[in-house]
Novice: 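This is the structure I have questions about; it appears just below.
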Amino acid sequence: MKPWILGLTGGIGSGKSAAAAHFSAMGVHMVDADHASRWVVEPGRPALERIVDRFGDAMLLADGNLNRAALRERIFTSEEERRWLEQLLHPLIRQEIVTNLAQAESPYAILVSPLLVESGQNQMTQRVLVVDTPEHLQLQRTMRRDNVPEEQVRAILKAQAQREDRLKHADDVLVNDADLDHLQRQVERLHDFYLSLRGGQP
Ligand SMILES: CC(C)(COP(=O)(O)OP(=O)(O)OC[C@H]1O[C@@H](n2cnc3c(N)ncnc32)[C@H](O)[C@@H]1O)[C@@H](O)C(=O)NCCC(=O)NCCS
Ligand SMILES: Nc1ncnc2c1ncn2[C@@H]1O[C@H](COP(=O)(O)OP(=O)(O)OP(=O)(O)O)[C@@H](O)[C@H]1O
């Protein structure tokens, strides 16, 4: 039987990757939209050229790779530029996701995406798990992980769905307000439940 697809989403720094890594360690095929967003702008890909045409050579590092910090600064200070970039990249990201999900051989597969709901990627999934984390912890963990200023994390949060709106799409919720061990125990409980489902439904 073809694996069913679980969408795993949550705002910036909510703990999606940490949760996904544990699902993956238990053998679940995992596709990450943030990884796909890196592949589509690799040197030589047309999207990278379009970005440089629009924003200039400052978008390139000396080795020819995308300067992600510079692009991040541009798109999270201008909604217009962010929309432009999303229109360029989201169809390409979607294509990468579809190709990669088709290779899944586990009983179910996971699509990890910060914009699962916002970009309509949830149409590819049969069930949605939201990682729900208090905003102050999202801020604290992201600032520590990425070494970026608070204003930038706040700007990114603003560009994403509000917590309540995201939760409206949830079939399951994982509250990530304690330590990593607690997160992993919840993942293991969910994994047992997901293995009992057929096509994402009881
Ligand atoms: C701006 C870029 C170059 C910054 O790269 P960087 O390596 O610093 O971050 P990374 O890609 O790992 O994203 C980190 C987090 O930022 C947030 N984020 C990224 N893009 C967006 C966006 N368009 N809107 C809202 N939040 C976003 C997400 O929470 C994501 O998990 C990159 O995020 C990007 O290309 N974004 C546009 C593509 C996109 O929408 N990606 C989201 C997955 S579909
Ligand atoms: N329960 C936790 N306790 C302590 N640290 C945590 C916990 N959950 C996640 N973290 C840490 O917080 C940071 C953000 O987590 P993670 O990278 O998994 O978030 P994300 O949702 O994938 O973020 P993004 O949308 O930015 O990709 C990481 O450094 C991670 O190790």
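Just so it is clear, the structure is predicted and the values come from calculations on it, not from any experiment.
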Novice: With clusters defined by side-chain heavy atoms of hydrophobic residues (ILVMFWY) lying less than 4.5 Å apart, directly or transitively, does Val148 cluster with Leu71?
Specialist: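 In one cluster: yes.
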
Novice: For residues Leu116 and Gly7, report the shortest heavy-atom separation together with the two atoms involved.
Specialist: CD2-CA, 3.8 Å

Novice: Would you call Lys168 and Asp165 a side-chain contact if the rule is heavy atoms closer than 4.5 Å?
Specialist: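 Side-chain contact under 4.5 Å: yes.
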
Novice: Apply side-chain contact (heavy atoms from CB on, under 4.5 Å) to the pair Leu60 and Leu48, showing each step before the final yes or no.
Specialist: CA-CA 9 Å; Leu60 288 179; Leu48 183 57; 4.0 Å; yes

Novice: Mark yes or no for whether Gln160, through its side chain, and Pro114, through its backbone, hold a donor-acceptor pair below 3.5 Å.
Specialist: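 It does not hold such a pair.
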
Novice: Would you find a donor on one side and an acceptor on the other, under 3.5 Å apart, between the side chain of Ser106 and the backbone of Val28?
Specialist: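 Flag not set: sc Ser106 to bb Val28 has no pair under 3.5 Å.
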
Novice: Test side-chain contact (heavy atoms from CB on, under 4.5 Å) on Glu188 and Met26; report intermediate values, then the result.
Specialist: CA-CA 8 Å; Glu188 285 159 20; Met26 292 188 295; 3.8 Å; yes

Novice: Which heavy-atom pair separates Glu96 from Val40 by the least distance, and what is that distance?
Specialist: CG-CG1, 3.6 Å

Novice: Show your reasoning for whether side-chain contact (heavy atoms from CB on, under 4.5 Å) applies to Glu73 and Thr77.
Specialist: CA-CA 6 Å; Glu73 174 67 31; Thr77 48; 3.9 Å; yes

Novice: Kindly compute the distance separating CD (Glu151) from NZ (Lys158), expressed to the nearest 0.5 Å.
Specialist: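 Between Glu151 CD and Lys158 NZ, I get 11.5 Å after rounding to 0.5 Å.
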
Novice: Could you name each residue pair satisfying ring-ring contact (aromatic ring centres under 6.0 Å, His included) that touches residues 24-55, not counting sequence neighbours?
Specialist: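 Sorted result for residues 24-55: Phe55-Trp84.
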
Novice: Please tell me if the side chains of Phe23 and Val112 come closer than 4.5 Å, counting only heavy atoms from C-beta onward.
Specialist: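 They are not in side-chain contact.
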
Novice: Decide, yes or no, whether a salt bridge links Glu150 with Arg144 under the criterion of side-chain N to carboxylate O below 4.0 Å.
Specialist: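 No.
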
Novice: For the residue pair Arg94 / Gln121, report whether a side-chain donor-acceptor contact shorter than 3.5 Å exists.
Specialist: no

Novice: If you look at every heavy atom in Ala155 and Phe76, which pair is closest and at what distance?
Specialist: CB-O, 3.6 Å

Novice: Would you call Arg38-Asp34 a salt bridge at under 4.0 Å N-O?
Specialist: no

Novice: For the side chain of Thr125 and the backbone of Val128, is there at least one donor-acceptor N/O pair under 3.5 Å apart?
Specialist: no

Novice: Give a yes or no on whether Leu61 and Ile75 share a hydrophobic cluster (residues Ile, Leu, Val, Met, Phe, Trp, Tyr; joining criterion: side-chain heavy atoms under 4.5 Å apart).
Specialist: no

Novice: Which residue is it: Leu6, Leu129, Leu195? I am looking for the one with a side-chain contact (heavy atoms from CB on, under 4.5 Å) to Leu190.
Specialist: Leu129

Novice: Can you list the residues that meet the ring-ring contact (aromatic ring centres under 6.0 Å, His included) rule with His191, with sequence neighbours excluded?
Specialist: Tyr108

Novice: So, does Arg166 use its side chain to make a donor-acceptor pair with the main chain of Ala161 at under 3.5 Å?
Specialist: yes

Novice: Is there a side-chain contact between Glu86 and Arg82 in this structure, where contact means two heavy atoms from C-beta onward sitting under 4.5 Å apart?
Specialist: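 Answer yes - side chains close enough.
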
Novice: Taking the side chain as C-beta and beyond, is there a heavy-atom pair between Asp171 and Val130 under 4.5 Å?
Specialist: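 No, too far: nothing below the 4.5 Å cut-off.
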
Novice: Hey, any chance Leu183 and Leu8 share a hydrophobic cluster, counting ILVMFWY side chains that come within less than 4.5 Å of each other, even indirectly?
Specialist: yes

Novice: Could you pull out the closest heavy-atom pair between Ala36 and Ile97, with the gap in Å?
Specialist: CB-CG1, 4.4 Å

Novice: Any ion pair linking Glu79 and Arg83 (charged N to carboxylate O, less than 4.0 Å)?
Specialist: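 Yes, charged N to carboxylate O under 4.0 Å.
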
Novice: Can you tell me if CD on Gln103 sees more than 12 non-hydrogen neighbours from other groups inside 6.0 Å?
Specialist: yes

Novice: Looking only at atom types and distance, does a side-chain atom of Gln126 sit under 3.5 Å from a main-chain N or O of Ile5, one as donor and one as acceptor?
Specialist: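 Confirmed, Gln126 side chain pairs with Ile5 backbone.
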
Novice: Please confirm whether the backbone N or O of His22 pairs with a side-chain atom of Gln184, one donor and one acceptor, at under 3.5 Å?
Specialist: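 Not a single qualifying donor-acceptor pair exists.
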
Novice: Mind checking whether Leu115 and His90 have side chains closer than 4.5 Å, heavy atoms only?
Specialist: yes

Novice: Is Val52 close to Glu49 at the side-chain level, that is, under 4.5 Å between some pair of heavy atoms?
Specialist: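 The answer is no, as the side chains (C-beta and beyond) never meet within the 4.5 Å cut-off.
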
Novice: Hey, does Ile110 have a side-chain heavy atom less than 4.5 Å from the side chain of Val31?
Specialist: no

Novice: Nearest 0.5 Å please: distance from the CG atom of Leu85 over to the CZ atom of Arg54.
Specialist: 9.5 Å

Novice: Does this structure show an ion pair linking Asp192 with Arg189, if we count only N-O contacts that are shorter than 4.0 Å?
Specialist: no

Novice: Show the nearest heavy-atom pair for residues Pro134 and Asp177, with the distance to one decimal.
Specialist: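 The pair with the smallest heavy-atom distance is CD-CB, 3.9 Å.
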
Novice: To the nearest 0.5 Å, how far apart are CG in Asp179 and CG in Asp181?
Specialist: 5.5 Å

Novice: Examine distances only and state if a side-chain atom of Thr9 and a backbone atom of Ser113 form a donor-acceptor pair shorter than 3.5 Å.
Specialist: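 Checked: pair present.
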
Novice: Nearest 0.5 Å, what's the CZ-CE distance between Arg154 and Met143?
Specialist: 8.5 Å

Novice: Give the minimum heavy-atom separation between Asp32 and Ser17, together with the two atoms involved.
Specialist: OD2-OG, 4.3 Å

Novice: Which residue is it: Thr133, Leu174, Leu137, Asp132? I am looking for the one with a side-chain contact (heavy atoms from CB on, under 4.5 Å) to Ser14.
Specialist: Thr133

Novice: Do the non-hydrogen side-chain atoms of Leu197 and Gln201 ever get within less than 4.5 Å of each other?
Specialist: no

Novice: Can you measure from CG (Leu111) to CE (Met124) and round to the nearest 0.5 angstrom?
Specialist: 5.5 Å

Novice: Where the side chain of Arg127 meets the backbone of Gly200, is there a donor-acceptor pair that is under 3.5 Å apart?
Specialist: yes

Novice: Output yes when a side-chain donor or acceptor of Lys16 lies under 3.5 Å from a complementary backbone atom of Gly11, and no otherwise.
Specialist: yes

Novice: Would you indicate whether Asp53, at its atom CG, is surrounded by more than 12 heavy atoms from other residues, nucleotides or ligands within a distance under 6.0 Å?
Specialist: yes

Novice: Cluster question for you: counting only ILVMFWY and a side-chain heavy-atom cut-off of under 4.5 Å, with indirect links fine, are Ile93 and Ile12 together?
Specialist: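 Yes, same cluster.
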
Novice: Are Trp4 and Phe193 in one and the same hydrophobic cluster, where Ile, Leu, Val, Met, Phe, Trp and Tyr link if side-chain heavy atoms are under 4.5 Å apart?
Specialist: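 Same cluster: Trp4 reaches Phe193 through Ile, Leu, Val, Met, Phe, Trp or Tyr contacts under 4.5 Å.
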
Novice: Okay, side chain of Thr142, backbone of Gln138: is any donor-acceptor separation there less than 3.5 Å?
Specialist: yes

Novice: Could you tell me the separation between the CG atom of Asn67 and the CZ atom of Arg74, rounded to the nearest 0.5 Å?
Specialist: 12.0 Å

